[in-house]
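Working notes for the structure below.
Letters A, B, ... are given to chains in the order of the sequence lines, protein chains preceding strands, and every chain is numbered from 1. Worth saying up front: this structure is predicted, and the values here are computed from it rather than measured. Keep in mind that the numbers below use all heavy atoms, side chains included, and drop hydrogens, waters and symmetry copies.
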Amino acid sequence: MSILIVDPSTDERAKLKDELESAGYEDVVSSNSVREALAHYGVNCLGKLTASVDLILMDLTLAEDEESGFRAGPRPSKSNDRAVLLGLVNQNDPAAIKKAAEAGAIDVLCRPVIKAELLMRIRSALALKGEREARAESEAALEAELTEKACELEQVVSYTTEVLSLASHELKTPLANVSGFVDMILLDWERHGPPSEKQQRQLEAVQRNGYRMDALVDDIMAMAKIESGTLDLSPTDLDLPRELEGVVGFIQGQLDEKHMTLELVAPESIVLVQADELRLSQIMVNLLGNACKYSPSGSSVTVVVQESEEFAQIDVIDNGFGISEDDQINLFSQFHRARNPAAQVVSGTGLGLYVTKQLVEAHGGKIWVQSEEGKGSTFSLTLPCSKKSKSKSKKIGHSHQLATTA
Amino acid sequence: MCKILIADDEPDMRALLADLLMEAGHEVTEAENGQVAVQQVQNEMPDLVLLDVLMPLMNGIQVLQRLRDDPATKALPVILLTAFSLSDEETDILDTPNTYHVTKPWRRGVVESAITSALAQTTGGI
């Protein structure tokens, strides 16, 4: 701690310096005037002087020009990183005490100075300065943190806006298809009478594009629920292979459109999982839809179901374009697409995989990807097996036991 | 009857436009991405190109730029199909001659009338 004593009396200055040094304060400087103190620290103004020391003990019976100079300067005790000012006054000198208060002193010390009192005042003044600094520091840290949070929030809002704009653009293509094909069909009926094979193909296109928009709206709604923490699942026992056969119906149109085939490889027996039927369908529509979208025409997609003790695993294997290592890193994260405009070479919102991951994890499962550019991708996920399937096998064992005893 | 190239990565969108154009008696060829579209234009020399903007390998704006840079296709009628608004840089290319713009989803008749005016322009010019 550095202390500056400004006192015109040589004896008193020396005495105060001695007393402070004997109490362990090592950096004590004494001057007979403010001007001399400025010269000592090699500074040209009071502001710089008060920034050079921690505490100034100053006689406030100084000459008028000295005082006014100090009064006009920055108030030392009011700034956080500056010295605190202790006024040195004669007892019963209200004018000096008033002057001290005006100069921004936090306390006064009355002459004759008692050593114990001097040390107490110095100690508490320095303690106050320490507290002020600590508070200023924590306030600054808090402000920095708030600024950072505000930036993050702004970024999230802009990503959300970007996703919503991608989603609405993405809705326009299937919408144009739906209204366009309906127009064509109606026009054809007007001209050529009842439905033909061509019109059947067109109606299938209408249905397919309707499903696409439906899936997209489902993802947008799921994201809203995930964000607001209001996603609830209604899990029931589902036979996984049978459910997957059902889901294929939703994307058959997309497969047909690109002349693609899908093979489902599953155990003959039932594989019971605990899952929300609609969400399971949403998960699979997303994964199969992607496999279809990112694969060349005429290629095939394989879905493999395996069952282990606690989990059932589903692998969706495609022979598509594959995903680069860089793109794999944040593939499942929110706003992946919004953050990577370069990834928009093929249309999409980037919402699907984020929502899919959240849904799988809400079921207590995991999802991951293995892929190499140009060599296709395998998306794998796990879902917890139904507890009932275990209790069921127990029951079978039990009844078997009963049968033997009988 | 005219020869029209449809460049769109969405098979349904191509099928829809093909149905529409064949209904009107035109001959149709298709391209599923921007690179194929450029090749098709060179090989087939169509009378008109319907060009989607968001396509893999080469987007519609890049295709159009390529066509406009080539003297042989400098004035080839092109209708850009977009699902969203273009950037300022991209709208500049819409000012090139014989370039038209239709946004998705369109109302009935919009594509037909764009095709009619695009084709009228060239036949009128010849």
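For Asp12(B), the parts sitting under 4.5 Å from any heavy atom of chain A are the backbone and the side chain alike. Contacts of His259(A) with chain B are absent, with no heavy-atom separation under 4.5 Å from either backbone or side chain. Residue Ser168(A): no heavy atom, backbone or side chain, is found under 4.5 Å from chain B.
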Requested in this report: Kindly determine whether Lys198(A) and Met22(B) satisfy side chain to side chain contact (heavy atoms under 4.5 Å, CB included), including the steps that lead there.
Outcome: CA-CA 12 Å; Lys198(A) 179 171 134 203; Met22(B) 288 191 290; over 6 Å; no

Query - Residues Asp19(B), Arg201(A); criterion side chain to side chain contact (heavy atoms under 4.5 Å, CB included); working and verdict - result: CA-CA 11 Å; Asp19(B) 283 354; Arg201(A) 171 176 65 74; 2.9 Å; yes

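More than 12 heavy atoms of other residues, nucleotides or ligands shown are found within 6.0 angstrom of CE on Met45(B). By the 6.0 Å contact criterion, CZ on Arg68(B) is enclosed, its count of non-hydrogen atoms from other residues, nucleotides or ligands being greater than 12. Within a 6.0 Å radius of CZ in Phe250(A), other residues, nucleotides and ligands contribute 12 heavy atoms or fewer. Residue-environment remark: CD (Glu152(A)) exceeds the threshold of 12 foreign heavy atoms within 6.0 Å. Shown here is Lys225(A), whose NZ atom has no more than 12 heavy atoms of other residues, nucleotides or ligands within 6.0 Å. Summarising the local packing, CD of Gln200(A) is surrounded by 12 or fewer heavy atoms from other residues, nucleotides or ligands at distances under 6.0 Å. Crowding of Gln370(A) atom CD: a count of heavy atoms from other residues, nucleotides or ligands under 6.0 Å not exceeding 12.
The residues Arg14(B) and Glu257(A) are annotated as not salt-bridged, no charged nitrogen and carboxylate oxygen being separated by less than 4.0 angstrom. With salt bridges taken as basic N to acidic carboxylate O contacts below 4.0 Å, one links Glu10(B) and Arg212(A).
Between Lys172(A) and Thr103(B) there is no side-chain heavy-atom pair separated by less than 4.5 Å. The closest side-chain heavy-atom distance from Ser297(A) to Glu32(B) is below 4.5 Å.
Top candidate by heavy-atom pairs under 4.5 Å with chain B, chosen from Asp188(A), Leu171(A), Val178(A), Thr173(A), is Thr173(A). The candidate from Asp52(B), Leu81(B), Leu20(B) with the greatest count of non-hydrogen atom pairs under 4.5 Å with chain A is Leu20(B).
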